[in-house]
Amino acid sequence: MTLHIVPRLAALAGGLLMATIPAHAGLLNNIGKTKASTPVVIEPGTDLAARAADMTLVQKPEKIAGHTKYALTGFTVEFQIMARDSDVQFGSTKSSNVKLHMEGVSQADMQAITDQVYAHFLGQMKAQGIELVLPADLAGNPDWESIAKMGKGPSYEMTGENDKLLMLAPTGRTLIYPHPDEQAARLGWGVSGLRGLAQGTLPQAEIKLAKSLGVPLMKVHYVVKFGGASALVTGGTTKQTAKVGGLILGDGQSALSIRTEKDSPLPAMSTREGGMEDGDAFVRLKTSIASPVEILAGEMRKTNAASNAAGNAMAMLTGAGGMATEWTAPLDPAKYAEFANGSLNAVTDLLAAQLKATAQQR
């Protein structure tokens, strides 16, 4: 079996392009200020190692070359639980605002996915000859303890600029959250108090631990987001459509973040000024992986219909304001888990293969 490139987002169950608005890009480009690449569908039997160089990106490979041992200080799977999309009709003041809520997949379901993916990650790294030092191995290490105290617990819910996210660590572990500079850039936030709070904390502690252990640190961050949502206003009437599909988001978001002892210890006010990121070397997924099957358990349905109708009626009468609508996506937990497990495992295989190949470059 081979890996098939989907030629257009419209071909996906979760992708949606509407010709009524020129250059409309839908949820994929708006959520998290992310320009999603053309997704690929990975079929069973695909030789992922052979495609690793095409589907991943290594930043600062010279810092990883020769390293086959890392301290695994963080492992996070980020699930999108609410999405928002907004578009302005070309040549019109009317706009649409869509919220898409997920239903049917519980936090327990997402925790089970996280645990399965973590187990696969550990096994695949071992198979590639990568040795991992785990938190249990660091018990009593004061440099590690200072990092562990910055953890946010086993789960953390966060509202970004255009969506709501639930981040989970494997059972028994805590979230070692990405550095605010990295998170602000990824979610499209401006300068925030969070950034200033961690300027001299987490990155500096990671550099110190890397020096004391004599090995780089690794944090894993995977992102699972919806495939598409949109509602459009055309000619004074409302044309509302919503779709959803599974999508593992690449474009730099799903990645291995590596902190070496050679990282600069001097913070700056922003990444644009050379400030700290979530690592000084990265192995990133550079393409998005889409679901080849429908993950809905039933029809999409509108919610908050009465309040939406009142606001939309006023917008149509006055020609101003926004056309708002909310949708609920009833997801099939079994199909969602099958897609998420399979796709995230494929991400692990790609990143692990690329990490091994980079380690062999001396």
Side-chain angles (χ1 to χ4, degrees), residues 31-32 42 48 70-83 102-127 130 132-136 147-148 150-160 163-178 182-183 186-187 217-227 244-250 253-257 278-279 283-285 288-291 295 329 331-352 355:
I31 291 297
I42 295 180
L48 295 174
Y70 295 86
L72 184 65
T73 56
F75 192 101
T76 305
V77 180
E78 174 185 316
F79 297 91
Q80 185 181 45
I81 56 178
M82 187 276 287
M102 184 179 72
E103 179 182 83
V105 179
S106 67
Q107 183 168 332
D109 294 328
M110 290 183 278
Q111 186 66 63
I113 292 170
T114 302
D115 291 344
Q116 186 277 333
V117 171
Y118 180 59
H120 179 82
F121 178 88
L122 296 179
Q124 187 63 16
M125 284 293 171
K126 182 177 180 179
I130 305 297
L132 296 176
V133 179
L134 302 180
I147 292 175
M150 302 178 200
K152 290 186 173 292
S155 65
Y156 183 67
E157 186 174 306
M158 181 180 68
T159 300
D163 55 359
K164 183 177 290 186
L165 312 168
L166 178 63
M167 301 184 185
L168 296 175
T171 298
R173 294 200 58 168
T174 187
L175 294 169
I176 304 299
Y177 204 58
E182 175 81 357
Q183 196 69 357
R186 194 176 65 77
L187 292 175
L217 311 187
M218 178 192 297
K219 284 184 290 186
V220 183
H221 195 93
Y222 290 155
V223 178
V224 184
K225 289 194 174 182
F226 289 133
V244 62
L247 184 79
I248 304 297
L249 201 58
Q253 296 193 25
S254 294
L256 310 180
S257 300
D278 199 35
V283 182
R284 301 184 187 272
L285 183 69
S288 300
I289 298 174
S291 172
I295 61 174
L331 303 184
D332 182 313
K335 291 181 179 178
Y336 183 90
E338 179 184 3
F339 164 67
N341 286 334
S343 298
L344 288 172
N345 288 347
V347 172
T348 290
D349 296 349
L350 288 165
L351 297 180
L355 184 65

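- Not a single donor-acceptor pair under 3.5 Å links the side chain of Asp349 to the backbone N or O of Leu48.
- Considering every non-hydrogen atom in both Thr174 and Pro154, the closest pair reads OG1-N, 4.3 Å.
- The closest donor-acceptor contact from the side chain of Arg173 to the backbone of Thr73 lies under 3.5 Å.
- Going from atom CG of Leu165 over to atom CD of Glu157 covers 8.5 Å, rounded to the nearest 0.5 Å.
- At distances below 3.5 Å, at least one donor-acceptor pair connects side-chain atoms of Ser254 with backbone N or O atoms of Val223.
- His221 and Gln253 share no donor-acceptor pair across their side chains, judged by distance under 3.5 Å alone.
- Below 30°, between 30° and 60°, or above 60°: for Phe121 and Phe75 the angle between ring planes is above 60°, a perpendicular geometry.
- Taking all atoms of both residues into account, the shortest heavy-atom contact from Ala148 to Ile176 is CA-CD1, 4.3 Å.
- Between Met218 and Leu355, the closest side-chain pair of non-hydrogen atoms falls below 4.5 Å.
- Contact record, Met102 with Val105: CE-O, 3.8 Å, taken as the closest heavy-atom pair.
- How far CD of Glu78 is from CE of Met158: 6.0 Å, rounded to the nearest 0.5 Å.
- The distance from atom NZ of Lys219 to atom CG of Leu175, rounded to the nearest 0.5 Å, is 11.0 Å.
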Query raised in the report: After noting the C-alpha distance and the side-chain angles of Tyr118 and Thr171, does the key distance pass the side chain to side chain contact (heavy atoms under 4.5 Å, CB included) rule?
Result: CA-CA 9 Å; Tyr118 180 59; Thr171 298; over 6 Å; no
Requested in this report: For Ile130 and Gln124, run side chain to side chain contact (heavy atoms under 4.5 Å, CB included): C-alpha distance rounded to whole Å, both residues' side-chain angles, the deciding distance at 0.1 Å, then the answer.
Outcome: CA-CA 9 Å; Ile130 305 297; Gln124 187 63 16; over 6 Å; no
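- When the side chain to side chain contact (heavy atoms under 4.5 Å, CB included) test is applied to Ser343, the partners found at least two apart in sequence or on another chain are Ile248, Ile289, Phe339.
- Listed here is the closest heavy atom pair of Arg284 and Leu351: C-CD2, 3.8 Å.
- Judged by distance alone, the side chain of Gln111 and the main-chain N or O of Ala169 form a donor-acceptor pair under 3.5 Å.
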Requested in this report: Check the pair Ser291, Tyr336 against side chain to side chain donor-acceptor pair (under 3.5 Å), reporting the backbone distance first and the verdict last.
Outcome: CA-CA 9 Å; Ser291 172; Tyr336 183 90; over 6 Å; no
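- In this structure Gln116 satisfies the side chain to side chain contact (heavy atoms under 4.5 Å, CB included) test together with His120, Asn341, Asn345, sequence neighbours excluded.
- Taken to the nearest 0.5 Å, the CG atom of Leu122 stands 6.0 Å off from the CG atom of Leu134.
- Partners of Ala329 according to the side chain to side chain contact (heavy atoms under 4.5 Å, CB included) rule, which considers only residues two or more places apart in sequence or in another chain, are Leu100, Val244, Leu296, Met300, Leu331.
- Results of the side-chain contact (heavy atoms from CB on, under 4.5 Å) test with Leu285 over Val347, Leu249, Leu256 single out Val347 as the only residue that passes.
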Query raised in the report: Leu168 and Phe79: side chain to side chain contact (heavy atoms under 4.5 Å, CB included), yes or no, with the steps?
Result: CA-CA 8 Å; Leu168 296 175; Phe79 297 91; 3.9 Å; yes
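- Within the model, atoms CZ of Phe226 and CG of Leu247 stand 11.0 Å from one another, a figure rounded to the nearest 0.5 Å.
- Annotation for Pro135 and Leu72: closest pair CD-O, 3.5 Å, computed over non-hydrogen atoms.
- Taking each heavy atom of Gly104 and Asp109 in turn, the nearest pair found is O-OD2, 3.8 Å.
- Distance check: Leu166 CG to Tyr156 OH gives 11.5 Å after rounding to the nearest 0.5 Å.
- Residues Thr348 and Tyr222 bring a donor and an acceptor atom of their side chains to less than 3.5 Å of each other.
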